[in-house]
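Here the structure comes first, spelled out in structure tokens, and everything after it is commentary.
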Amino acid sequence: MMAKKMVAGAALAAMLALPARGATLVDVELQLLVDVSGSIDETEFGLQRQGYADAFNDPLVQAAILDTSDGKTGAIAVQMIYWSGPTSIAVDWTLIDSAAAAAAFASAILAVDRPFEGATQPATAIQFGTGQFAGNDFDAAQQIMDISGDGPGTQPATTSGMRDNALASGIDQINGIIIEGEEGLEDWYRSNIIGGTDAFLIATSGFDSFGDALKLKLRAEIEGTSPGQLGDVPLPAPAFLLIGGLAGLALLGRRRSTG
């Protein structure tokens with residue numbers, strides 16, 4: 001009888017270790033939170049949206065997604081959300097497991113119009129985004145939230161609180177990509193947005209360099225490294241890194257962990 005109970009207990013433990021029934025195994029669940037607040041004009045919005053589409057059509061980004069070395073599945077799940085004060089899902093959770101699927105996701109990005117503009121409130125974006133991971137029918141070792149923006153939020157204490165809640169819920173990493181313009185924006189993102197083990201922040205000098213920065217950022221997130229460790233991008237060693245060959249980009253100091 002005791003032996004049967006031990007076998008049953010082992011079987012139950014094995015079942016609990018499995019992903020939810022029907023969940024698709026992927027390497028990363030990646031959520032893209034895209035700033036569409038009033039400080040971003042229509043031209044800048046177009047450059048930002050095109051940058052995301054171009055990134056998923058990029059051969060190096062696609063190669064990172066489809067890499068099956070070291071036990072990887074060669075697939076990721078991605079969701080895009082637009083935010084300012086309100087939030088809305090631009091492209092819902094999508095399996096990307098081929099170059100064709102990546103290209104289709106890029107086309108889906110370009111097919112969605114800007115839904116609104118308004119105040120810069122990343123706190124609401126983080127809160128909304130956190131709830132989107134549960135029950136998304138994917139299972140991954142890494143859950144990453146990726147936030148773009150061109151200005152500080154209006155609710156710093158609330159934003160940092162939502163970041164901490166997101167990390168406590170199981171999100172592994174919250175990274176930032178910022179379009180510089182306002183003084184102190186990097187410090188604001190470091191203090192209130194980015195968090196989790198090896199989280200990082202990339203800054204661009206303008207929307208015209210946003211696409212190149214985003215490609216680098218996505219590759220680092222998908223490959224599980226930092227932009228400074230990508231072999232084809234020469235970078236110096238200090239915490240504040242100027243990225244050679246990509247005009248107007250800077251990798252800012254990485255935050256090891258929060259909360």
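Keep in mind it's a predicted model, so treat the numbers as computed, not measured.
- Evaluation of the side chain to side chain donor-acceptor pair (under 3.5 Å) rule for Q173 yields N175 as partners, not counting sequence neighbours.
- Judged as a ring-ring contact (aromatic ring centres under 6.0 Å, His included), and not counting sequence neighbours, the contacts of Y52 are F210.
- What you find for I179 and L185 is that their closest heavy atoms are O-CD2, 3.6 Å.
- Annotation: the span from L214 atom CG to I177 atom CD1 amounts to 5.0 Å, rounded to 0.5 Å.
- The two residues A103 and Q62 come nearest to each other via the heavy atoms N-NE2, 4.4 Å.
- By the 4.5 Å heavy-atom criterion applied to side chains, N165 and T130 are not counted as neighbours.
- In this structure D58 satisfies the side chain to side chain donor-acceptor pair (under 3.5 Å) test with no other residue, sequence neighbours excluded.
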(request) Give the C-alpha distance, both sets of side-chain angles, the deciding distance and a yes or no for side-chain contact (heavy atoms from CB on, under 4.5 Å) between Q50 and F207. (result) CA-CA 10 Å; Q50 188 66 54; F207 285 89; over 6 Å; no

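- Here the closest heavy-atom approach between residue I174 and residue A199 is recorded as O-CB, 3.6 Å.
- In the hydrophobic clustering of this structure, L110 does not group with I40; members are Ile, Leu, Val, Met, Phe, Trp, Tyr whose side-chain heavy atoms approach within less than 4.5 Å, directly or through other members.
- Between S169 atom OG and D164 atom CG the span is 11.0 Å, to the nearest 0.5 Å.
- One finds the CD1 atom of I202 at 10.5 Å from the CD1 atom of I178 (value rounded to the nearest 0.5 Å).
- Sorted by first and then second residue, the ring pair (Phe, Tyr, Trp, His ring centres under 6.0 Å) pairs with a member in residues 140-168 form an empty list; sequence neighbours excluded.
- Residues I96 and I65 come closest through the heavy atom pair O-CG2, 3.5 Å.
- The CG atom of L30 sits 6.0 Å away from the CG atom of L218 when rounded to the nearest 0.5 Å.
- Pairs passing the ring pair (Phe, Tyr, Trp, His ring centres under 6.0 Å) check and including a residue from residues 67-109, sequence neighbours excluded, read F45-Y82, F56-F105, W93-F133.
- Residues V91 and L32 are not in side-chain contact: their nearest non-hydrogen atoms beyond the backbone lie 4.5 Å or more apart.
- At least one donor-acceptor pair under 3.5 Å links the side chain of S160 to the backbone N or O of A157.
- One finds the CG atom of D146 at 7.5 Å from the CG atom of L33 (value rounded to the nearest 0.5 Å).
- For Q31 against I81, the heavy-atom pair with the smallest separation is NE2-CD1, 3.7 Å.
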Please tabulate, for side-chain N and O atoms in residues 116-125, each donor-acceptor pair with protein atoms closer than 3.5 Å (sequence neighbours left out).
from	atom 1	to	atom 2	distance (Å)
T120	OG1	S37	OG	3.2
T124	OG1	G85	O	2.9
T124	OG1	Q121	O	2.8

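- Nearest heavy-atom pair, R219 versus V61, reported as atom, atom and distance to 0.1 Å: CG-CG2, 3.8 Å.
- A 4.5 Å side-chain heavy-atom check between I126 and M145 finds at least one atom pair inside the cut-off.
- Among pairs with a residue in residues 31-42, those fulfilling salt bridge (charged side-chain N to carboxylate O under 4.0 Å, His left out) read E42-R114, at least two apart in sequence or across chains.
- In this structure a side-chain-to-backbone donor-acceptor pair under 3.5 Å is missing from R163 to G196.
- Using a 4.5 Å heavy-atom cutoff, the side chains of T197 and D172 are not in contact.
- In this structure, D139 CG and N136 CG are separated by 9.0 Å, a value rounded to the nearest 0.5 Å.
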(request) Check the pair Q132, Q79 against side chain to side chain donor-acceptor pair (under 3.5 Å), reporting the backbone distance first and the verdict last. (result) CA-CA 9 Å; Q132 295 295 310; Q79 181 190 47; 3.1 Å; yes

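- A donor-acceptor pair under 3.5 Å is absent between the side-chain atoms of D27 and the main chain of I76, judged by distance alone.
- Residues forming a side chain to side chain donor-acceptor pair (under 3.5 Å) with D187 (at least two apart in sequence, or on another chain): R190.
- In this structure, Q127 and T158 have side chains that are not in contact, with every pair of non-hydrogen atoms separated by 4.5 Å or more.
- By the ring-ring contact (aromatic ring centres under 6.0 Å, His included) test, F128 pairs with no residue at all, sequence neighbours left out.
- Contacts classified as ring pair (Phe, Tyr, Trp, His ring centres under 6.0 Å) and involving residues 143-178 (residues at least two apart or in different chains) are not found.
- Residue pairs meeting the salt bridge (charged side-chain N to carboxylate O under 4.0 Å, His left out) criterion with at least one member in residues 63-83, sequence neighbours excluded: D67-K72.
- Take S148 and apply the side chain to side chain donor-acceptor pair (under 3.5 Å) test, not counting sequence neighbours, and it matches Q48.
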